[in-house]
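Notes for the one structure printed next.
Indexing begins at 1, ligand by ligand and atom by atom, following the structure's order. These numbers come from a predicted model, not from an experiment.
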Amino acid sequence: MTSYDVLIAGAGPAGCAAAYDLARAGKRVLLLDKRTFPRHKACACGLTRKTLKALRYSVEPIVERVCHEIVLQQAASNASQRALRVRTRNPICAMAVRERFDDFCLQQTLAAGADLRKIEGIVSIRETGSLREAAYLHAGTNGVEIDIATAAGIETLSAPFMIGADGSNGQTRRLAEGLRTSGEATAAALPADPQWYARAFALEATVPYAALPATLPGGDSPHDLVFDFAPLPGGYGWLFPKGDHINIGVGAFAPADEAQLKSATRTLLAEYAQAKLGVATLTDSGLAKITGQYLGMGGFAYVPRGRVLLAGDAAGLVDSLTGEGIHSAIVSGQAAATAILASMDTGRRANVAEEYAKRLRPLQETLAFSHRAAQAFYKQPARGFRVMRIPLLRSLVLKTYSDGLQSAKLLGVLAKIVA
Ligand SMILES: Cc1cc2nc3c(=O)[nH]c(=O)nc-3n(C[C@H](O)[C@H](O)[C@H](O)COP(=O)(O)OP(=O)(O)OC[C@H]3O[C@@H](n4cnc5c(N)ncnc54)[C@H](O)[C@@H]3O)c2cc1C
């Protein structure tokens with residue numbers, strides 16, 4: 001039986017980013033996923049420049065379109081105030097189809113030397129070795145042991161480290177929470193989510209260009225990249241143009257309460273598609289394939305502990321202003337890998353959580369900033385739109401979305417203006 005240095009639950013962007021770096025560094029890595037790839041994942045798969053930059057390899061073969069223009073829309077009585085079309089010199093966002101993007105990244109990761117196994121789920125997680133008392137509880141453990149359910153039955157795997165990259169609906173975050181108070185956590189008695197964790201929700205569907213009327217009722221061009229803040233509170237509707245179809249969706253990314261979280265529904269998306277794209281029924285447009293998923297938020301307050309590190313949506317690292325999560329997934333997966341490599345190199349394996357916390361902090365600071373900006377923006381999007389009409393501030397916001405937060409201080413000023 002192969003022994004592994006790191007077990008990774010989830011082979012999405014976070015899991016693959018971690019596995020890729022670990023495998024390239026010569027570590028034995030096993031990815032565990034419930035699904036068989038290529039697999040569908042509800043996602044608009046807009047890849048910002050910072051996402052493309054964070055990846056260790058080019059994903060050009062699966063990029064279907066590159067957008068230099070963005071259309072921002074809002075509910076406004078005055079037609080001239082409703083939309084803002086901005087063209088930029090550098091591309092804002094690359095468009096891909098998530099199923100192909102994930103499969104491409106997985107193939108790169110397997111080629112780098114990682115292994116993959118399909119599992120039915122994780123049955124239990126244990127921290128092994130000597131337990132220390134009080135504040136250092138579990139810090140002195142030797143590793144992680146997990147029971148996995150497979151088609152052939154229950155099997156036990158162990159490794160010095162584990163990364164939970166199993167997304168917003170995964171089990172590892174809750175199992176890791178159970179390990180805070182006990183040496184073992186089981187799926188049969190799954191602990192509650194940690195307090196810092198919050199949820200957003202979004203739905204998407206694809207509409208082939210061939211199914212569209214000659215003129216779109218919303219006045220958009222079929223190849224427009226649209227962010228529309230009119231259809232629901234605490235979030236936006238979108239049109240993301242791909243090679244042969246539009247990905248249309250609605251998401252409540254910074255819901256103020258449970259009612260706003262639940263306002264992103266299939267019915268809303270079907271009505272939105274009718275209003276924007278003129279597609280009449282669910283079946284004539286491909287909208288029958290509406291899929292939705294929770295997004296993991298609140299991770300700016302996540303504090304890593306023990307030998308089970310969380311990354312991506314499992315760690316609540318989606319940006320609340322934009323709903324963008326692939327960038328955080330990649331960056332956090334890579335940070336977890338670097339932390340593991342550092343603690344293995346120095347022989348101080350018990351310090352891995354500390355190492356990870358240090359490397360995750362810049363991303364968490366950016367997300368905390370975004371969270372504050374989202375709270376101000378979604379309270380009154382019209383005020384945010386006023387800011388976006390000022391060319392300097394607009395280019396700053398777009399640069400931040402596309403390239404990352406390099407101008408934190410300037411954006412702090414912007415957040416104050418919006419508020
Ligand atoms: C409708 C929608 C649109 C979005 N659009 C965008 C966008 O345009 N751009 C963007 O950047 N972000 C977008 N996001 C967010 C983005 O999809 C996520 O942030 C991103 O997928 C997080 O990656 P991850 O690797 O953490 O998790 P995931 O991509 O969710 O991967 C988790 C993996 O874990 C596996 N898994 C789950 N449970 C288990 C288990 N118990 N055991 C083993 N494996 C398990 C799953 O099968 C999956 O393969 C969108 C989200 C939604 C819902």
Side-chain angles (χ1 to χ4, degrees), residues 7-19 30-48 50-52 54 67 93-99 101-103 105-106 109 116-123 125 146 148-150 162-175 187 190 199-206 225 227 235-240 242 247-253 264 269 290-297 299 310-320 322-333 336 367 401:
L7 303 172
I8 303 180
C16 279
L30 178 62
L31 284 160
L32 303 161
D33 205 290
K34 283 212 298 199
R35 305 276 302 278
T36 303
F37 285 66
R39 54 104 177 87
H40 174 76
K41 148 89 178 82
C43 186
C45 208
L47 304 171
T48 53
K50 62 181 184 285
T51 307
L52 299 174
C67 298
C93 205
M95 295 285 133
V97 169
R98 186 58 197 268
E99 187 171 328
F101 172 74
D102 279 7
D103 195 48
C105 293
L106 177 62
T109 307
L116 171 71
R117 276 192 70 180
K118 182 175 181 312
I119 60 170
E120 310 288 319
I122 298 167
V123 177
I125 300 186
I146 66 173
I148 51 168
T150 70
M162 177 173 180
I163 298 174
D166 45 353
S168 57
N169 299 334
Q171 300 161 285
T172 315
R173 176 183 57 253
R174 294 173 66 178
L175 291 170
L190 203 57
R199 290 180 309 168
F201 186 70
L203 294 140
E204 55 96 359
T206 60
L225 168 62
F227 289 81
Y236 60 84
W238 69 80
L239 304 178
F240 278 18
K242 310 288 172 176
N247 180 292
I248 183 168
V250 289
F253 299 113
L269 180 50
I290 290 178
T291 54
Q293 192 173 335
Y294 286 112
L295 297 95
M297 318 298 269
L310 303 176
D313 272 33
L317 295 172
V318 174
D319 186 310
S320 356
T322 60
E324 185 186 12
I326 300 174
H327 173 256
S328 293
I330 293 166
V331 169
S332 59
L367 295 176
Y401 169 62

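Using the six-membered ring where Trp is involved, Trp238 and Phe240 have ring planes that are tilted, between 30° and 60° apart.
Val318 places none of its side-chain heavy atoms less than 4.5 Å from the side chain of Ser328.
Ranking protein heavy atoms by distance to atom 33 (C) of ligand 1, first place goes to Asp33 OD2, 3.5 Å. Summary of contacts: the protein heavy atom closest to atom 31 (O) of ligand 1 is Gly12 CA, 3.7 Å. For atom 8 (O) of ligand 1, the closest heavy atom belonging to the protein is Gly46 N, 2.8 Å. Distance from atom 52 (C) of ligand 1 to its nearest protein heavy atom, with residue and atom name: Ala42 O, 3.4 Å. Protein heavy atom at the shortest distance from atom 30 (O) of ligand 1 is Lys41 CE, 3.4 Å. When hydrogens are left out, the protein atom nearest atom 13 (C) of ligand 1 is Cys43 SG, 3.5 Å; that is the closest non-hydrogen contact.
Atoms of ligand 1 lying under 4.0 Å from at least one heavy atom of Val318, given by number and element, are 19 (O). Ligand-side atoms of ligand 1 in range of Ile119: 42 (N), 43 (C), range being under 4.0 angstrom from any heavy atom. Taking every non-hydrogen atom of Cys45 and a distance limit under 4.0 Å, the qualifying atoms of ligand 1 come out as 7 (C), 8 (O). Remark: ligand 1 atoms within the under-4.0 Å shell around heavy atoms of Phe37 are 49 (O). Listed by number with element, the atoms of ligand 1 under 4.0 angstrom from any heavy atom of Phe240 are 8 (O). Every atom of ligand 1 is numbered from 1 in the order shown, and the set under 4.0 Å from a heavy atom of Gly312 is 26 (O). Close approach of ligand 1 to Gln171 is summarised as follows: ligand atoms under 4.0 Å from at least one heavy atom of the residue are 40 (C), 41 (N). Near Ala14, the atoms of ligand 1 lying under 4.0 angstrom from a non-hydrogen atom of the residue are 25 (O), 26 (O).
Assignment of Gly251 to the shell around ligand 1 is not supported, since no heavy atom sits closer than 4.0 Å.
Judged by distance alone, the side chain of Tyr294 and the main-chain N or O of Gly167 form no donor-acceptor pair under 3.5 Å. In this structure, Lys242 contributes its side chain and Ala44 its backbone to a donor-acceptor pair below 3.5 Å. Under the 3.5 Å distance criterion, the side-chain polar atoms of Arg173 are matched with a main-chain donor or acceptor of Ala314. Checked by atom type and distance alone, the side chain of Lys118 pairs as donor or acceptor with a backbone atom of Lys34 at under 3.5 Å. A donor-acceptor pair under 3.5 Å links the side-chain atoms of Asp166 to the main chain of Gln171, judged by distance alone.
Considering each of Asp313, Val123, Leu32, the one bringing a non-hydrogen atom nearest atom 43 (C) of ligand 1 is Leu32. The residue from Glu324, Gln293, Arg98, Lys34 that puts a heavy atom closest to atom 16 (C) of ligand 1 is Arg98. The heavy atom nearest to atom 3 (C) of ligand 1, out of those in Gly249, Gly121, Ala44, Gly164, is found in Ala44.
Checking Arg35, Arg39, Lys41 one by one against Asp102, the salt bridge (Lys or Arg N to Asp or Glu O under 4.0 Å) holds for a single residue, Arg39. Just one residue in the list Leu7, Leu106, Ile163 forms a side-chain contact (heavy atoms from CB on, under 4.5 Å) with Leu31, and that residue is Leu106.
At a threshold of 4.0 Å, the pair Lys50-Glu324 counts as salt-bridged, since one of the basic side-chain nitrogens sits closer than that to a carboxylate oxygen.
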One pair to check against side chain to side chain contact (heavy atoms under 4.5 Å, CB included): Met162 and Thr172. What are the steps and the verdict? CA-CA 10 Å; Met162 177 173 180; Thr172 315; 3.9 Å; yes
